[in-house]
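Please read the structure below before turning to the comments.
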Amino acid sequence: MMTWASGWLIYGLTGATLIGLGLFGFASHTNLLRRILAFNVVGSGIFLVFGATGFRVPELGADAVPQALIITGIVVALSATALAVSLITRHASLSGSATLPDDDREDR
Amino acid sequence: MIDSLFDLVLCALIIFVAFAAVSGRDLFTAIVFFIVYGLMVAIAWLRLEAIDVALAEAAIGAGLTGVLLLGAYGRFKNIDAARMGSWVPLPVLIVIALAATGLSAAVGVVLIALDPNGLGLIPAVNANIAQSGVFNPVTAVLLNFRAYDTLLESIVLVVALVGVWTLADNSAWGQRVGKTQSVRANGVLQSFGRTLPPIGLMIGIYFVWAGSSQPGGAFQGGTILAAVGLLSAMAGLFPPPRVNDARLRLSVIAGPILFLAVAIAGTAWGGMFVLPADLAYGLILAIEIVLALSIAITLMLLVLGPPEMTETPQ
């Protein structure tokens with residue numbers, strides 16, 4: 001079978017695309033909640049790249065080490081997201097803005 | 001060929017949904033697409049035969065993160081449309097797009113250059129699993145071979161919760177966690193809140209128990225239990241706990257403390273985290289049960305957020 005058509009590589013390249021998409025979203029919005037969302041897309045892209053490399057020989061099944069590290073990563077990503085969301089909602093309730101002060105320029 | 005066609009279609013859909021989540025017109029659309037995205041990535045994990053990761057992604061990546069983002073969206077309603085943020089200026093946008101494309105291409109090149117027949121650590125895991133005390137290789141890695149990572153991860157959860165709670169307003173300290181929920185009596189949320197928890201409870205406990213030999217484990221089971229608690233709290237079936245409740249705090253740290261105690265006890269057998277093969281099963285099971293409880297409560301508290309003063313309905 002040709003390499004480009006093998007399953008793991010399709011998912012690995014999808015992960016690579018997601019990393020770029022997430023980075024683009026992270027830097028292109030000033031709304032902090034949208035940045036958090038995009039950051040999570042970067043994270044799951046990295047997980048997909050990592051997990052796909054553990055499935056290069058399908059006959060042996062998926063490598064357990066990347067799987068375990070990815071599960072750890074998913075939980076840590078949620079912890080970071082929860083902390084960030086709390087910071088953002090606190091910032092929003094104190095300042096009345098969904099963006100950082102530097103990005104608030106055109107507004108009153 | 002059909003198989004790889006399915007993979008291609010799934011990957012195309014994942015990229016499309018991710019694009020919609022990142023560039024969706026308004027915040028609410030973006031969040032809904034993000035939840036759909038998480039579920040589709042979970043299907044991708046099934047295709048990669050990583051069932052444990054699929055469970056974690058569906059429960060945490062799509063489920064709990066989705067609830068967190070939707071909760072934050074609800075609190076953004078009072079913000080002026082003019083202060084909701086916008087896109088960065090076009091020239092900057094072009095530079096970012098080029099940089100992001102370059103990064104994706106670089107990662108892709110590295111992937112294509114990898115040895116397509118690389119085995120990774122599969123032989124090492126297979127050679128040692130008999131001494132690990134469990135039959136699910138993922139659980140063996142999480143709670144035995146790389147137990148350090150998992151211990152530190154369970155501590156990260158506690159530290160994140162401390163961080164979230166420090167953001168509470170002084171006047172709200174000592175109140176119940178989260179925002180006061182207003183639920184329509186016998187509405188959809190309350191009906192689901194009554195129907196789903198018993199089923200979720202059973203599935204969550206099963207996953208914790210099954211984790212030693214089949215897909216499942218403390219984190220996957222704990223997340224489902226957290227979802228049960230969240231749903232019941234959001235449906236107003238029980239009041240969320242108070243932040244200064246000693247039993248609550250004890251249940252948050254019980255898992256990491258037991259884990260740490262077992263790790264230190266391992267020095268008697270030759271070093272941190274050395275589990276003797278004949279005791280490993282019992283020790284891992286005990287850690288998993290207590291850890292699942294701590295994870296469930298900590299995740300629920302993380303998603304509920306810091307205590308807030310009761311808001312008067314508008």
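Computed over heavy atoms, backbone and side chain alike; hydrogens, waters and symmetry mates excluded. Per chain, numbering begins at 1; letters A, B, ... match sequence-line order. Quick caveat: nothing in here was measured; it's all calculated off a predicted structure.
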*Looking at A/Leu78, A/Leu94, A/Ile88, which one has more heavy-atom pairs under 4.5 Å with chain B than the rest?*
A/Leu78
_For a 4.5 angstrom cut-off between non-hydrogen side-chain atoms, does B/Leu70 reach B/Ile35?_
yes
Side-chain polar contacts of residues 13-28 of chain A - donor-acceptor pairs under 3.5 angstrom, sequence neighbours left out - could you list them?
from, atom 1, to, atom 2, distance (Å)
A/Thr14, OG1, A/Ile10, O, 2.8
A/Thr17, OG1, A/Leu13, O, 2.8
A/Ser28, OG, A/Phe24, O, 2.8

_Residue part contacting chain B, namely of A/Leu69, when any heavy atom lies under 4.5 Å_ = side chain
*Which one of A/Leu33, A/Leu32, A/Val76, A/Ile70 has the most heavy-atom pairs closer than 4.5 Å to chain B?*
A/Leu33
*If you count heavy-atom pairs under 4.5 Å with chain A, which of B/Tyr73, B/Phe145, B/Phe34 comes out on top?*
B/Phe34
_Can you list everything that forms a side-chain hydrogen bond (donor to acceptor under 3.5 Å, both in side chains) with A/Asn40? Sequence neighbours excluded, please._
A/Thr81
*With rounding to the nearest 0.5 Å, note down the distance linking CG in B/Leu301 to CG in B/Leu157.*
11.0 Å
*To the nearest 0.5 angstrom, please state how far the CD atom of B/Glu153 sits from the CZ atom of B/Phe219.*
3.5 Å
*Just how far is it from atom CG of B/Asp52 to atom CD of B/Gln220, taken to the nearest 0.5 Å?*
5.0 Å
*asked:* Looking only at the side chains, is there a donor atom on one of B/Thr29 and B/Asp26 sitting less than 3.5 Å from an acceptor on the other?
replied: yes
_Best-contacting candidate, B/Val53, B/Leu10, B/Val107, against chain A by heavy atom pairs under 4.5 angstrom_ = B/Val53
*Under a 4.5 Å heavy-atom cutoff, which of A/Val75, A/Val57, A/Leu60 has the most pairs with chain B?*
A/Val75
*Between CH2 on residue B/Trp87 and CD1 on residue B/Ile96, distance to nearest 0.5 Å*: 9.5 Å
*Sort A/Ser93 into side chain, backbone, both or neither according to what part of it lies under 4.5 angstrom from a heavy atom of chain B.*
neither
*Name the option with the most non-hydrogen atom pairs under 4.5 Å to chain A; the candidates are B/Leu68, B/Val303, B/Asn126.*
B/Leu68
_Full working for salt bridge (charged side-chain N to carboxylate O under 4.0 Å, His left out) between A/Arg56 and A/Asp63_ = CA-CA 9 Å; A/Arg56 277 175 284 174; A/Asp63 192 344; over 6 Å; no
*asked:* Let's test your reading of the structure: which of B/Val125, B/Leu111, B/Leu142 forms the most heavy-atom pairs below 4.5 Å with chain A?
replied: B/Leu111
*Under a 4.5 Å heavy-atom cut-off, does chain A meet the side chain of B/Leu103, its backbone, both or neither?*
side chain
_For B/Leu161, which atoms come within 4.5 Å of any heavy atom of chain A: side chain, backbone, both, or neither?_
neither
_Between A/Val65 and chain B, with a heavy-atom cut-off of 4.5 Å, which part of the residue counts as in contact: side chain, backbone, both or neither?_
both
*Between B/Glu57 and chain A, which part of the residue has a heavy atom less than 4.5 Å away: side chain, backbone, both or neither?*
both
_Segment of B/Thr101 engaging chain A (4.5 angstrom heavy-atom cut-off)_ = neither
_Top contributor to chain B interface from A/Ile36, A/Val85, A/Thr72 [non-hydrogen pairs under 4.5 Å]_ = A/Thr72
*Do the side-chain N and O atoms of A/Ser97 and A/Ser95 include a donor-acceptor pair separated by under 3.5 angstrom?*
no
*B/Tyr37 versus chain A, heavy atoms under 4.5 Å apart: side chain, backbone, both or neither?*
side chain
*Which one, A/Ala92, A/Ala77, A/Ser86, leads in non-hydrogen pairs under 4.5 Å with chain B?*
A/Ser86
*When only pairs under 4.5 Å are counted, which of B/Thr139, B/Asn117, B/Leu69, B/Asp149 shares the most heavy-atom pairs with chain A?*
B/Leu69
*Which bit of B/Leu299 comes within less than 4.5 Å of chain A, counting heavy atoms only: side chain, backbone, both or neither?*
side chain
*Where on A/Ile71 is there a heavy atom nearer than 4.5 Å to chain B: the side chain, the backbone, both, or neither?*
both
_Under 4.5 Å from any heavy atom of chain A, what part of B/Val92 do you find: side chain, backbone, both or neither?_
neither
*Smallest separation among heavy atoms of B/Leu48 and A/Tyr11, with atom names*: CD2-CD1, 3.9 Å
*Smallest separation among heavy atoms of B/Ser86 and A/Thr30, with atom names*: N-OG1, 2.7 Å
_Heavy-atom contact with chain A under 4.5 Å, split by part of B/Phe19_ = both
*Check whether more than 12 heavy atoms from other residues, nucleotides or ligands sit under 6.0 Å from atom CZ of B/Phe33, and answer yes or no.*
no
*chain B contact via A/Leu48 - side chain, backbone, both or neither, heavy atoms under 4.5 Å*: both
*What residue in B/Leu167, B/Val41, B/Val156, B/Ile31 has the most heavy-atom pairs under 4.5 Å with chain A?*
B/Leu167
*Kindly compute the distance separating CD1 (B/Ile295) from CE (B/Met300), expressed to the nearest 0.5 Å.*
14.5 Å
